[in-house]
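Each chain gets a letter, A, B and so on, in the order the sequences are listed, and its residues count up from 1.
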Amino acid sequence: MEQCKKNTLIVIGLAIFLMIAIVISFRLGRYPISTKEVLGILLSKIYPIEPFWTDRMEIVMLNIRLPRIILACLVGCCLSAAGAAYQGIFQNPMAAPDILGASAGAAFGAALAILYYGSPFMITVSAFFFSLLTVSLVYLVSKKVKGKSVLGLILAGIIVSSLFSAGTSFIKLVADPTDQLPAITYWLMGSLSGARVSDVKFAIIPMVIGLIPLLLLRWRMNVLTMGDDEAMTMGVDANKVRFIVIVCATLTTASSVSVSGMIGWVGLVIPHLTRKLVGNNYSYLMPATMLFGAIFLLMVDNVSRTLLATEIPLGILTAFIGAPFFIYLITRERETY
Amino acid sequence: MSIEVSNLSFSYGGQPVLEDVSFTAERNELLSIIGPNGVGKTTLFRCILGLLSGYKGEILLDGINIKKLRIEEMAKLIAYIPQIHYPSFNYSVFDMVLMGTSVQVSAISAPGRKERKLVETALKRLGIYHLKDRGYTRISGGERQLVLLARALVQQAKILILDEPTSNLDFGNQVRVLTEIKSLAREGYTVIQATHNPDQTFLFSDTVMAMKDGRVLAWGTPNEIYTADLICNLYGVEVTMESLHHDKARVCIPKSIVEENHARKVCS
């Protein structure tokens, strides 16, 4: 009971922290807006307030900073949730959102769209659909693998991912090196710099559709970490739950990657950090990791857009922060409860 | 609950693993299945638990064919206690046991107050309540086995299937775990365990089934079937059988050892 209370407080604490981080993020940037003005503009949307800010402030905040902040939170939340979910259903602490090829497929889709001079919106849509296509292909291949279903899925993920990575490499080879190739390379590094309201509108529906079942099924994921046989004898249909979780985690990953490009590490590191914080029970782990992921990516994105005059791609920053952290994680003592 | 297995055969890739296995186990009965490694005990358990389906023959729980039961219905009738394992993620003992209540709550909700109460009762009954906040991977093997047993109890199924519950335990923990299992059988559970230790099997079981090469070699009360010949036949080791405490216990001793000692005595 003590542990439960502590974990509930941690989840509430993370939610409050996220609110504060969002308000601070609105302030950051080249055009100065004070906290009072941020709160005023936000409140004016639900409650009529006499504007004490300039129109320009409102435009910067709502059209430029707002979509970016929402996307950073959503992408961080989705990638962390997908990572935690995959770790559970594959009984594999090293599982990440791209374990079933969602990222490799998205990269191929985006590169293909850039090759055919697609609009930014077309790039997002193409990335999303190729991501879903890749994971479906992985699932179909794994069904043909004899024996253990978990191993079959992971192997099929590796195989199909490498196939699509090769496809991406080929597109880079034939792409126009003056404009297409840099565009592809930049997309692959992952960034939210082009975040527009249309991106938010496109991604938010599949994201929410994916996130809700992941939250609802979180107790079942605990049981799945015991392995299929034990889960089945405890009355949990392992294959059914795994299928639903894969569909949902794929939706969240595909929609994230399609708007943000490749952002590594978040889906692997954040769930592990959260495990240290609240333990492995998904009842607390899932909501906590969602909030933590949102906070993390929001803060990293803030660094990415304010540290230097030019944008630093998010994928680079998350790896710079993620790798040393992971070294710390694997070298420190094991948890002792 | 009674369990009735009739003419069960299973083959894996054309290789027969179980052949014509038949037995029954009733309420209040502790049935031990003995036999060398790889004899098909695990396959038998997987069939009984509904994890394998391509078998011939019938498995009936209180007269109902298990092929007609859904996974959730099965879990309410029959619980499985696996060998001690190391899960990928560490859970507190309490959470570990709480997982056993999953079948009693809907797929999208977590166990609540009622289920937590069940867990507390089960932990207290097995004398491991003080471990409830410890990590499952941080406690001893014997304690871990009791945790898995508690998890099966909160599942509230009346048939318990145990896969070598005393392997990897020290002597004290073996006796403790077997005593608990035996008293559960006395409280109305139907208990089936796979085991390796013939002497303990004799001490604790109500019935014993000996398996060799996927077939039932002998099935009956320990007194009837537990002989030097059976052990020799099962494990390929010549033994002599000693009866102790008015046949309350029997001990089998490898002949090679006894006869060597005997010879040495004669020499000196």
Side-chain angles (χ1 to χ4, degrees), chain A residues 1-4 6-7 84 86-95 146-147 150 212-241 244-245 271-272 275-276 278-287 334-337, chain B residues 13 42 45-46 48-52 69-83 85 87-96 98-112 115-116 120 132-138 148 151-152 154-157 160-161 163:
Chain A
M1 272 303 169
E2 282 293 291
Q3 191 67 32
C4 297
K6 196 189 118 205
N7 284 342
Y86 280 144
Q87 287 164 10
I89 60 164
F90 293 130
Q91 298 118 48
N92 181 353
M94 294 307 295
K146 297 275 179 289
V150 168
I212 289 171
L214 289 184
L215 264 178
L216 290 176
L217 284 171
R218 60 194 199 273
W219 177 261
R220 287 290 192 259
M221 285 183 217
N222 281 333
V223 184
L224 243 65
T225 65
M226 295 291 123
D228 285 17
D229 282 7
E230 276 178 59
M232 300 281 252
T233 61
M234 284 190 268
V236 174
D237 191 335
N239 287 320
K240 201 160 100 189
V241 175
I244 298 172
V245 170
H272 276 289
R275 283 175 197 281
K276 299 279 172 198
V278 298
N280 291 316
N281 185 344
Y282 277 85
S283 293
Y284 303 102
L285 177 63
M286 196 44 96
R334 293 187 58 189
E335 77 260 65
T336 50
Y337 80 92
Chain B
T42 307
F45 281 179
R46 286 174 56 87
I48 294 174
L49 290 162
L51 298 172
L52 285 176
L69 296 171
R70 288 181 295 121
I71 289 174
E72 305 87 61
E73 293 170 321
M74 279 291 283
K76 285 179 179 165
L77 300 176
I78 190 161
Y80 172 58
I81 294 108
Q83 284 188 42
H85 52 23
S88 310
F89 300 105
N90 192 11
Y91 284 92
S92 74
V93 165
F94 194 92
D95 287 341
M96 190 79 180
L98 197 57
M99 287 187 207
T101 65
S102 299
V103 72
Q104 292 147 34
V105 295
S106 78
I108 55 165
S109 52
E115 286 76 26
R116 306 184 81 87
E120 280 177 23
K132 70 181 172 72
D133 293 323
R134 297 273 299 279
Y136 172 77
T137 59
R138 296 254 139 195
L148 293 176
R151 195 179 74 181
V154 299
Q155 199 173 321
Q156 297 189 310
L160 304 179
I161 306 278
D163 195 359

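You'll find the side chain of A/Arg218 stays beyond 4.5 Å of the side chain of A/Tyr284, heavy atoms only. A/Glu230 is not listed as a side-chain neighbour of B/Met99, based on a closest heavy-atom distance of 4.5 Å or more.
Looking only at heavy-atom pairs under 4.5 Å with chain A, the residue among B/Phe94, B/Tyr80, B/Phe89 that has the most is B/Phe89. Ranked by heavy-atom pairs shorter than 4.5 Å toward chain A, the options B/Ala110, B/Pro82, B/Pro111, B/Gly50 are led by B/Pro111. The residue among B/Ala107, B/Ser88, B/Pro87 with the most heavy atom pairs within less than 4.5 Å of chain A is B/Ala107. Contact count against chain A (heavy-atom pairs under 4.5 Å) is highest for B/Leu98 among B/Leu49, B/Ile81, B/Leu98, B/Val105. Among A/Gly88, A/Pro213, A/Gly227, A/Gly235, the residue making the largest number of heavy-atom pairs under 4.5 Å with chain B is A/Gly235. Top candidate by heavy-atom pairs under 4.5 Å with chain B, chosen from A/Asp237, A/Val223, A/Leu217, A/Asp229, is A/Asp229.
The environment of CD1 in B/Ile108 is sparse: at most 12 heavy-atom neighbours from other residues, nucleotides or ligands sit within 6.0 Å.
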For residues 72-79 of chain B, which side-chain N or O atoms pair as donor and acceptor with protein atoms under 3.5 Å away, sequence neighbours left out?
unit_1, atom_1, unit_2, atom_2, d
B/Glu72, OE1, B/Arg70, NH1, 2.6
B/Glu73, OE1, B/Arg70, N, 2.8

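Of the N and O atoms on the side chains of A/Asn281 and A/Asn222, at least one donor lies less than 3.5 Å from an acceptor on the other residue.
For B/Ser109, the part sitting under 4.5 Å from any heavy atom of chain A is the backbone (N, CA, C, O) and nothing else. Residue A/Asp228 does not touch chain B at all, counting heavy-atom pairs closer than 4.5 Å. For B/Ile71, the parts lying near chain A are the backbone and the side chain together; criterion is any non-hydrogen pair under 4.5 Å.
In terms of heavy atoms, A/Leu224 sits closest to A/Gln91 at O-NE2, 3.1 Å.
Of the inter-residue distances, the one linking B/Asp163 atom CG with B/Leu148 atom CG reads 11.5 Å to the nearest 0.5 angstrom.
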